[in-house]
Amino acid sequence: MTDTRGQQPPYQMFGGEQPAPQQVGQPYHPPQAYAAPGGSQGGQQRAGQDSGAAVRRPRTGARTTPRTRKARLRVAKADPWSVMKVSFLLSIALGICTVVAAAVLWMVMDAMGVFSTVGGTISEATGSNESNGFDLQSFLSLPRVLIFTSVIAVIDVVLATALATLGAFIYNLSAGFVGGVELTLAEDE
């Protein structure tokens, strides 16, 4: 492809300055906006100058510690629908943890022989000549303990969800009167 525009004027920089011609064999140094202190050119010292003159010293008023940004925020309203969803999921997780913890605790106590020892003592204390007494081992069997724990976990899910939602409504009412809870958040840079 050929250039049909003809002879063009030489490239001009901002302010009418001409770029310095590149010397053959010398490394390229981009032009500097400001002259370096001590007369250095492109990070190199000129011959005949002492090296102490080109050392940059910090300003006397410069801060050395990082600046921390702070913001004061106010929680003006809690959305009851989002509070209900979050509290429902958290109470389900708490219910599952409760059932698993009860099963593990029962297995550990059964392996240690707690139920047989305590059950034998209770059956001797409550027994008579014609009956054997109260059988603790059949009463505290693993399926019965897990069913009881599951019922407690379901009740906990319903109550925790309802109480958290009611708490969001009460917070919104009180925030309307006093303005809500103010928080101060800080960001480290």
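Start at 1 with the first residue, then count along the sequence. Nothing here was measured: the structure is a model prediction, and the numbers come from that model.
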query: Which pair of non-hydrogen atoms, one from A160 and one from S91, has the smallest distance, and what is that distance?
result: CB-CB, 3.8 Å
message: I'd like to know if the side chain of W106 and the backbone of P143 have a donor-acceptor N/O pair within less than 3.5 Å.
response: no
query: Given the rule that I, L, V, M, F, W and Y join up when any side-chain heavy atoms are under 4.5 Å apart, are M112 and L105 in one cluster?
result: yes
- prompt: What pair of heavy atoms forms the shortest contact from A103 to L146, and how long is it?
  reply: CB-CD2, 3.7 Å
- prompt: Is any side-chain heavy atom of L94 less than 4.5 Å from a side-chain heavy atom of D156?
  reply: yes
- request: Side-chain contact test, heavy atoms from C-beta onward, threshold under 4.5 Å: evaluate it for L89 versus K85 and give yes or no.
  value: no
task: For residues V99 and T149, report the shortest heavy-atom separation together with the two atoms involved.
output: CA-CG2, 3.7 Å
field: Shared hydrophobic cluster for V114 and V108 (ILVMFWY, side-chain gaps under 4.5 Å)
entry: yes
- request: Rounded to the nearest 0.5 Å, what's the gap from CG on L166 to CE on M84? Could you check?
  value: 13.0 Å
message: When you measure from the side chain of T161 to the backbone of V158, do you find a donor-acceptor pair of N or O atoms at a distance under 3.5 Å?
response: no
message: Check this for me: Y171, atom OH, are more than 12 non-hydrogen atoms of other residues, nucleotides or ligands nearer than 6.0 Å?
response: yes
statement: The reported gap from CG in L183 to CZ in R74 (rounded to nearest 0.5 angstrom) is 11.0 Å
- prompt: Hey, any chance L142 and V118 share a hydrophobic cluster, counting ILVMFWY side chains that come within less than 4.5 Å of each other, even indirectly?
  reply: yes
Pair R69 + E187: basic N to acidic O under 4.0 Å: yes
Straight-line distance of S87 OG to L159 CG, nearest 0.5 Å: 11.5 Å
Joint cluster assignment, M109 & M107, ILVMFWY side-chain distance < 4.5 Å: yes
- prompt: Which pair of heavy atoms, one from A76 and one from A175, lies closest together, and at what distance?
  reply: O-CB, 3.4 Å
- prompt: Nearest 0.5 Å, what's the CG-CG distance between D110 and L140?
  reply: 10.5 Å
field: Under 3.5 Å donor-acceptor, N172 side chain and D79 backbone
entry: no
